[in-house]
> 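The structure's right below; bear with me while I get my questions together.
Computed from heavy atoms alone, side chains included, the values below leave out hydrogens, waters and symmetry copies.
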Amino acid sequence: MFVVLSVLLAVLAVIAPHRIATLCLLTAATTILAFACLRAYRDARRMKKDVGKVNIVADFIANDTVASLVTTRDGTVTLQNAAATRMFKNDDNVTLANVLSGTFASPQAILYRLQSRATVTGTAHEDIVTKTGHMRIGVHDIGQGGLVWRIDQIPDRTPPRQPQEGQQLPMVMVGRTDAILFMNDAARRLVGGRVKSLDRMFTRLPLLPGTQAEITTADGPQKALVAEIQAGAGRRAIYLLPPPDVLQTGEQGWQAFHDLPVPMIKVAPDGAVQSFNKMAKTLVGVNLSETAHLSDLMEGLGRSITDWLNDTLAGRKVQKSEFLRLRREDKEVFVQVVLNPINEDGNPALIAVMHDATELKSLEAKFVQSQKMQAIGQLAGGVAHDFNNLLTAISGHCDLLLLRHDQGDSDYGDLVQISQNANRAAALVGQLLAFSRKQTLRPETLDMRDTLADLTHLLNRLVGEKVTLTLSHDPVLQPIRADKRQLEQVLMNLVVNARDAMPEGGEIRIVTESITLKDPLLRDQVSVPPGQYVTVKVIDEGSGIAPDKRDKVFQPFFTTKRTGEGTGLGLSTAYGIVKQSGGFIFVDSIVGKGTTFALYFPVLDLPATVQPAAAAKSLPQRAQTEDGVILLVEDEAPVRAFASRALRLRGYTVLEADCAEAALKTLEDASLSIDVFVTDVVMPGMDGPSWVREALKVRPDVRVVFVSGYAEDSLAEAQTKIPNSVFLPKPFSLSELTDTVGQQLH
């Protein structure tokens, strides 16, 4: 291509009318031709180098006893040694995946994984369990020459920490579907051969680690103590130990289990530790010694350890295993413990077989939290719907009364108090909705510096004279998308909590920063994905939060304040608003030194249309009258009565219906001219969006106002399919209703 371009420039130079143009074109042609020659020379050298590299590899693997193959990057085999030909009996120019398809299932995924790692690090290898035994596959990247693969059959081996051969325990490696991937020699001798699945080996499934199970062996059914350890990639190694009742004293008894890969502790009937193995010491930690008591090592049983031991010795076990928390100061560890009674020379004892259940309890905690969120969400949604209807009627009729009373009237102050307390009740319902992430948000593009600048005056009034509030901003702070009013509520809640934690005074620092996460941030059972974030930290020098209470601070109604000083909804509200905005909130605290709340908000990537925040509620003003016909559909009679009177006071003609079916019946009169539908979303029978879609088939130009005590996102999908529609959340004031209808008309 470069040669053709240089020739074309040379031809243009010949026919160019000016000498300067001719000289420029000849210079450009010469430069391009020289670049083309240099590139051709470099490509030739690289090709020669790659060919030389492939030749070196071919000479190296020719006499290798390990099967070796050279492939292109798309997997086509271009070269293989004699060992590979003998192992796979194939010709060249086939893909490596086809070569290995007869050895194990789905080789494409394994080869792709190895090739991806080799592209980054230059080399990679992996051990695979096949139907014929263990196989090690290694790959080396040789640049443009392709990839060198070495496939080696290795002898069967057991996982690490295997006891001495004389003490070898039966072991099977099991996959996710209970398929047996590998059996050691002891397991094959016990069962009488190779079996493919657990149901062929055990008479009853599922297996519970630490309990006895019945095995189908060549000599008939036998019992064994089951121990299990995780082996990665969804696999687990199952060891079969002799039942506890056959343990003998001496070197061949309990001491023979010292090197087993299963944590085991022998305890006396009173709970005193008599002996333990290496794995138990690693799991339990430094507290485990022969002078310790079982109650000093673990907790969370719900009753005394002594009663648990006595019930086990007496055969009164309620359940086979118990989940307990280890008393470790360095980290939180949960164990599943199974007690097995034994008898040594007439002396009763117990063997506690333990299984690390930390990951299981972590998943359980996440599930319980999600269930709790769902339950609270359902409760809050139902409460919000009913309460918002009641509050709409209360505040609405209060607004109607305020229209008939001037400020000098003796009843005016009482009516204002009713209105303000109704708004406070609405805010309390909003807090429940915020925690369950079902609150209606009005997101807009925000700069945290501007938001905090607008809020600083109010925050300074909140903290008082004893506390100093300082702000520190990142000079380059990117915009985020959030509801400004709700975000201000979050910051106020955090600052008020920080103030209350410092009754003697101190400093509260608010620090903003732009950060980039290259890897996921894992903490508090949450994974923050990589990307750009704006962080806001609220740091105090207060009393701090105790470790046992730190995980509960975001739960609704949990508070460390005295009765009457806090509702327990502040932090739960902050949590819900941040999560609903797509962000994350974390807490770090040291008792006696202070607490830090860190908020993570994803940076706004694409420009978004700025939506103004919802207008603050104000006392109703006397408005000018207007014309228009409104069809009001509301199943709650008090709400319908208030909305109807409010719209008529504005001058509109209002037609009322208590259900969707009645509204459609009214619209059968073709002579009626309707300007706006005002309808509740959730009603008995046909809901709001359904009847509106039906009505718009005949009256497509009518505009719609949806009102609801539920969050807007429950309507979002249906509303997008209805043109010229807006949403007005309950409770709404008289002015909000009339202004919304007026905007739809105009």
> Looking at side-chain heavy atoms only, is the closest gap between Asn389 and Lys730 below 4.5 Å?
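Side chain of Asn389 against side chain of Lys730, heavy atoms only: contact under 4.5 Å found.
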> Taking 4.0 angstrom as the limit, do Asp141 and Arg117 come out as a salt bridge?
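Judged by the 4.0 Å cut-off on N to carboxylate O distance, Asp141 and Arg117 do not form a salt bridge.
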> Heavy atoms only: give me the nearest Leu446-Asp483 pair and the separation to one decimal.
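Of all heavy-atom pairs spanning Leu446 and Asp483, the closest is CD1-C, 4.4 Å.
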> Where is the tightest heavy-atom contact between Thr595 and Ser589, given as atom of each residue plus distance?
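Here Thr595 and Ser589 meet closest at OG1-OG, 2.9 Å.
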> Is a donor on one side and an acceptor on the other found under 3.5 Å between the side chain of Arg703 and the backbone of Gln744?
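Judged by distance alone, yes, a pair lies under 3.5 Å.
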> Distance from Phe597 atom CZ to Leu494 atom CG, nearest 0.5 Å?
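Those atoms lie 6.0 Å apart.
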> To the nearest 0.5 Å, how far apart are CH2 in Trp149 and CG in Leu96?
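The CH2 atom of Trp149 sits 6.0 Å away from the CG atom of Leu96.
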> Looking at CG of Leu737 and OG1 of Thr392, how far apart are the two atoms once the value is rounded to the nearest 0.5 Å?
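Answer for the CG-OG1 pair, Leu737 versus Thr392, is 10.0 Å.
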> Which heavy atom in Ser514 sits nearest to a heavy atom in Gln478, and how many Å separate them?
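Ser514 and Gln478 have their closest heavy atoms at OG-N, 3.6 Å.
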> Nearest 0.5 angstrom please: Ile590 CD1 to Ser543 OG, how far?
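OG of Ser543 is found 13.0 Å from CD1 of Ile590.
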> Does Phe323 have Lys361 sitting over its ring (NZ/CZ under 6.0 Å from centre, angle to axis within 45°)?
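That pair qualifies as a cation-pi contact.
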> Between Lys466 and Glu504, does any side-chain N to carboxylate O distance fall below 4.0 Å?
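Answer for the salt bridge query: no.
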> If we ignore hydrogens and angles and just use 3.5 Å, is the side chain of Thr76 paired with the main-chain N or O of Thr95 as donor and acceptor?
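Pair absent, no side-chain N/O of Thr76 close to backbone of Thr95.
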> Determine the minimum heavy-atom distance between Met298 and Met354, stating which atoms define it.
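Heavy atoms of Met298 and Met354 come nearest at CE-SD, 4.0 Å.
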> Decide, yes or no, whether a salt bridge links Arg499 with Asp540 under the criterion of side-chain N to carboxylate O below 4.0 Å.
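No, Arg499 and Asp540 are not salt-bridged.
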> Between atom CZ of Arg461 and atom OG1 of Thr456, what is the distance when rounded to the nearest 0.5 Å?
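Atom-to-atom, Arg461:CZ and Thr456:OG1 are 13.5 Å apart.
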> Using distance alone, with no hydrogens and no angle criterion, decide if Ser690 and Asp687 have a side-chain donor and acceptor under 3.5 Å apart.
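Judged by distance alone, the side chains do pair up.
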> Do Arg328 side-chain atoms and Leu283 backbone N/O form a donor-acceptor pair below 3.5 Å?
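Flag set: sc Arg328 to bb Leu283 pair under 3.5 Å.
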> Is there a side-chain contact between Val528 and Tyr533, using heavy atoms and a 4.5 Å cut-off?
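They are in side-chain contact.
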> List the residues meeting ring-ring contact (aromatic ring centres under 6.0 Å, His included) with Phe586, not counting sequence neighbours, and say none if there are none.
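Phe586 satisfies ring-ring contact (aromatic ring centres under 6.0 Å, His included) with Tyr600 once adjacent residues are dropped.
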> Please tell me if the side chains of Val335 and Leu326 come closer than 4.5 Å, counting only heavy atoms from C-beta onward.
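They are in side-chain contact.
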> Check the pair Ser708 / Asp680 against side-chain contact (heavy atoms from CB on, under 4.5 Å), numbers first and verdict last.
CA-CA 6 Å; Ser708 178; Asp680 195 4; 4.2 Å; yes
> Search all heavy atoms of Gly688 against all heavy atoms of Phe706 and return the closest pair with its distance.
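In this case the closest contact between Gly688 and Phe706 is C-CE2, 3.9 Å.
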> Kindly write out the residues that satisfy side-chain contact (heavy atoms from CB on, under 4.5 Å) with Lys518, not counting sequence neighbours, or none if the list is empty.
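Lys518 satisfies side-chain contact (heavy atoms from CB on, under 4.5 Å) with no residue once adjacent residues are dropped.
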> Would you call Arg449 and Asp474 a salt bridge, using N to O less than 4.0 angstrom?
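Salt bridge: no.
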> Which atom pair, heavy atoms only, marks the closest approach of Gln336 to Ala357?
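Where Gln336 meets Ala357 most closely, the heavy atoms are N-CB, 4.0 Å.
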> Between Thr512 and Lys537, is any pair of side-chain heavy atoms under 4.5 Å apart?
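Side-chain contact under 4.5 Å: no.
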> Does the side-chain contact (heavy atoms from CB on, under 4.5 Å) test come out yes or no for Val692 and Thr679, once each step is laid out?
CA-CA 9 Å; Val692 167; Thr679 176; 3.9 Å; yes
> Between Gln115 (side chain only) and Ile110 (backbone N and O only), is there a donor and an acceptor less than 3.5 Å apart?
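Here the side-chain-to-backbone pair does not exist.
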> Please tell me if the side chains of Leu459 and Val495 come closer than 4.5 Å, counting only heavy atoms from C-beta onward.
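In contact.
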> Considering residues, nucleotides and ligands other than Arg325, do more than 12 of their heavy atoms fall under 6.0 Å from its CZ?
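Counting neighbours around CZ of Arg325, more than 12 heavy atoms of other residues, nucleotides or ligands fall under 6.0 Å, so yes.
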> Please tell me if the side chains of Asp588 and Arg523 come closer than 4.5 Å, counting only heavy atoms from C-beta onward.
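Counting from C-beta outward, Asp588 and Arg523 do come under 4.5 Å.
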> Using a strict 4.0 Å threshold on nitrogen-to-oxygen distance, state whether Glu299 and Arg327 make a salt bridge.
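Yes, charged N to carboxylate O under 4.0 Å.
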> Is the shortest side-chain heavy-atom distance between Leu147 and His140 below 4.5 Å?
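The answer is no; the side chains never approach within 4.5 Å.
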> Between Ile508 and Val463, does the side-chain contact (heavy atoms from CB on, under 4.5 Å) criterion hold? Intermediate values first, please.
CA-CA 9 Å; Ile508 299 174; Val463 298; 4.0 Å; yes
> Go through the steps for Asp447 and Lys484 under the test salt bridge (Lys or Arg N to Asp or Glu O under 4.0 Å), then give the verdict.
CA-CA 10 Å; Asp447 186 322; Lys484 183 178 180 181; over 6 Å; no
> Sub-3.5 Å donor-acceptor pair from the side chain of Thr123 to the main-chain atoms of Val139, do we have one?
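Yes, the answer is positive, given that a donor and an acceptor are paired below the 3.5 Å cut-off.
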> Side chains of Thr470 and Glu507: donor-acceptor distance under 3.5 Å anywhere?
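A donor-acceptor contact under 3.5 Å links the two side chains.
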> Got a second to check how far Ile545's CD1 is from Asn497's CG, nearest 0.5 Å?
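The distance works out to 8.5 Å.
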> Got a sec, which residues hit side-chain contact (heavy atoms from CB on, under 4.5 Å) with Pro530, two or more places apart in sequence or on another chain?
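Expected list: Pro520.
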> With a 4.5 Å heavy-atom cut-off, do His125 and Ile137 have their side chains touching?
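A side-chain contact under 4.5 Å is absent here.
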> Carefully, step by step, assess Val578 and Gln486 under the rule side-chain contact (heavy atoms from CB on, under 4.5 Å).
CA-CA 9 Å; Val578 171; Gln486 299 293 345; over 6 Å; no
